[in-house]
*Asks:* 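Take this structure, written in structure tokens, and hold onto it; I'll ask about it next.
Residues: numbered from 1 along the sequence shown.
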Amino acid sequence: MIGFGIFAQGTSELMLAGLLPDIATDLGVTIPQAGGLISAFALGMLIGAPVLAILTLRWPRRLALLVFLGVFIATHIVSAVTDSYGLLFAMRFVGAFAYAGFWAVGASTAMGMAGPARRGRAMSIVASGLTVATVIGLPAGTWIGQHLGWRGAFWAVAILSAIAAVATIAAIPTLRPENPPSIRAELRGLTPPRLWLSYAMTAVATTALIGTFSYLAAMLLATTGLDGCPPCSSATGSAPSSASPSADEPPTATPGRSSDSDSPGS
């Protein structure tokens, strides 16, 4: 169930790559400005994970997961109905903030429920939610955006997240941390320099991937002109008129006027 929640929210994380041109057109902003929505989500993830992991150390696990899902659902409902770029930007940040908390608490909850012998398997199942979001959620979100508008994709994510919340209520017990670690002990765990080297390598690799991946749809349309394909040409007014004579039809004589061959002196 936690993996399904990651799938629902991870779809929102990735699907903007296929929706940027539509969002930019609808809100009257440029593609780079629309791309700022992806930056807002990334910033929310960066800040939300450590902050919420610490703030919810003593919360019941199911309650924490439901609060995060509730906030995430609310931000997507607001995003689906707003016409304000600024409000949409804020909702992307807040939604990612909650999503990061779900990741942190969900991973620890899954490993705690699985027990020491199966922690690796539990974590792999949770992480597979993001993999499935990449393979299925992203193209599905883009397809929905193309047929129902980008707002329809946000509604779809909200519905999937609501299903994940119901599943969480049904499947996740009310677990309370028996011996929650202190905040000071958690911060001491961040001191090894080799850990920060790992963080830096991950940040550089992710930046290179997402920085290119996020603008893939916009670059594809700009460089290939796929949005100007022949089937769409009639919508732009470039299709030939059915009233125009074809090359195989003889010219029609205009009533009241004769051809050159009938003029006097020919």
Side-chain angles (χ1 to χ4, degrees), residues 5-53 55-56 67-104 130 133-134 137-162 164-165 202-204 206-222:
I6 295 295
F7 161 73
Q9 296 170 92
T11 297
S12 176
E13 176 186 0
L14 300 168
M15 70 181 185
L16 255 65
L19 302 177
L20 281 187
D22 293 336
I23 293 176
T25 301
D26 189 31
L27 298 182
V29 297
T30 64
I31 292 291
Q33 287 175 319
L37 299 173
I38 299 175
S39 300
F41 200 95
L43 187 61
M45 289 283 291
L46 177 66
I47 298 174
V51 170
L52 292 178
L55 291 180
T56 60
V67 168
F68 297 146
L69 281 170
V71 172
F72 192 83
I73 293 168
T75 60
H76 279 67
I77 292 175
V78 174
S79 298
V81 300
T82 186
D83 290 321
S84 168
Y85 171 80
L87 182 57
L88 181 58
F89 187 96
M91 291 299 99
R92 292 301 289 172
F93 175 85
V94 175
F97 195 88
Y99 172 44
F102 188 93
W103 248 117
L130 188 59
T134 305
L138 168 60
T142 303
W143 185 87
I144 292 173
Q146 291 175 344
H147 291 80
L148 301 178
W150 66 269
R151 300 175 191 275
F154 275 76
W155 279 114
V157 168
I159 292 171
L160 286 176
S161 300
T202 303
V204 171
T206 304
T207 300
L209 171 64
I210 301 298
T212 303
F213 181 76
S214 299
Y215 292 95
L216 211 56
M219 289 189 294
L220 184 65
L221 296 178

*Asks:* Write out all pairs satisfying salt bridge (charged side-chain N to carboxylate O under 4.0 Å, His left out) with one or both partners inside residues 31-49, taking only residues at least two apart or from two chains.
*Replies:* none
*Asks:* According to side-chain hydrogen bond (donor to acceptor under 3.5 Å, both in side chains), who are the partners of Gln33, at least two apart in sequence or on a separate chain?
*Replies:* Thr30
*Asks:* Do Ile23 and Tyr85 touch side chain to side chain, with heavy atoms closer than 4.5 Å?
*Replies:* no
*Asks:* Taking only residues two or more places apart in sequence or in another chain, which ones pass side-chain contact (heavy atoms from CB on, under 4.5 Å) with Ile31?
*Replies:* Pro21, Ala24, Tyr215, Ala218
*Asks:* According to salt bridge (charged side-chain N to carboxylate O under 4.0 Å, His left out), does anything in residues 78-99 pair up with another residue at least two apart or in another chain? List the pairs.
*Replies:* Asp83-Arg151
*Asks:* If you define the side chain from C-beta out and look only at heavy atoms, does anything of Phe68 sit under 4.5 Å from Gln9?
*Replies:* no
*Asks:* What is the minimum heavy-atom distance between Met91 and Ser79, and which atoms define it?
*Replies:* CB-OG, 3.2 Å
*Asks:* Output yes when a side-chain donor or acceptor of Thr134 lies under 3.5 Å from a complementary backbone atom of Leu130, and no otherwise.
*Replies:* yes
*Asks:* Output all residues satisfying side-chain contact (heavy atoms from CB on, under 4.5 Å) with Thr82, sequence neighbours left out; order by chain, then residue number.
*Replies:* Ser84, Leu87, Leu88
*Asks:* Shortest non-hydrogen contact from Gly145 to Ala153?
*Replies:* N-CB, 4.4 Å
*Asks:* Can you sort out the partners of Ala165 under side-chain contact (heavy atoms from CB on, under 4.5 Å), two or more places apart, ordered by chain and number?
*Replies:* Leu66, Leu69
*Asks:* Tell me every residue that passes ring-ring contact (aromatic ring centres under 6.0 Å, His included) with Phe72, counting only those two or more places apart in sequence or in another chain.
*Replies:* His76
*Asks:* Looking only at non-hydrogen atoms, find the nearest pair between Ala8 and Leu160 and report the distance.
*Replies:* CB-CB, 3.7 Å
*Asks:* Nearest 0.5 angstrom please: Phe7 CZ to Ser12 OG, how far?
*Replies:* 11.5 Å
*Asks:* Check the pair Phe154, Val81 against side-chain contact (heavy atoms from CB on, under 4.5 Å), reporting the backbone distance first and the verdict last.
*Replies:* CA-CA 9 Å; Phe154 275 76; Val81 300; over 6 Å; no
*Asks:* Report the relative orientation of the aromatic rings in Phe93 and Phe97; use parallel for angles under 30°, tilted for 30 to 60°, perpendicular for over 60°.
*Replies:* tilted
*Asks:* Test Ile6 against Tyr99 for side-chain contact (heavy atoms from CB on, under 4.5 Å), laying out the working first.
*Replies:* CA-CA 8 Å; Ile6 295 295; Tyr99 172 44; 4.2 Å; yes
*Asks:* Working to the nearest 0.5 Å, report the span between CD1 of Ile38 and CG of Leu14.
*Replies:* 9.5 Å
*Asks:* Pairs in or reaching into residues 40-50: which pass salt bridge (charged side-chain N to carboxylate O under 4.0 Å, His left out), with residues at least two apart or in two chains?
*Replies:* none
*Asks:* My understanding is that only residues two or more places apart in sequence, or in another chain, count here; which of them pass side-chain contact (heavy atoms from CB on, under 4.5 Å) with Leu148?
*Replies:* Ile144
*Asks:* Starting at CG of Leu19, measure out to OG1 of Thr142 and round the result to the nearest 0.5 Å.
*Replies:* 5.5 Å
*Asks:* Taking all atoms of both residues into account, what is the closest heavy-atom pair of Ala49 and Ala100, and its distance?
*Replies:* N-CB, 3.3 Å
*Asks:* With heavy-atom distances below 4.5 Å as the criterion, would you say the side chains of Ile77 and Trp155 are in contact?
*Replies:* yes
*Asks:* Listed by chain and number, what are the side-chain hydrogen bond (donor to acceptor under 3.5 Å, both in side chains) partners of Thr75, not counting sequence neighbours?
*Replies:* none
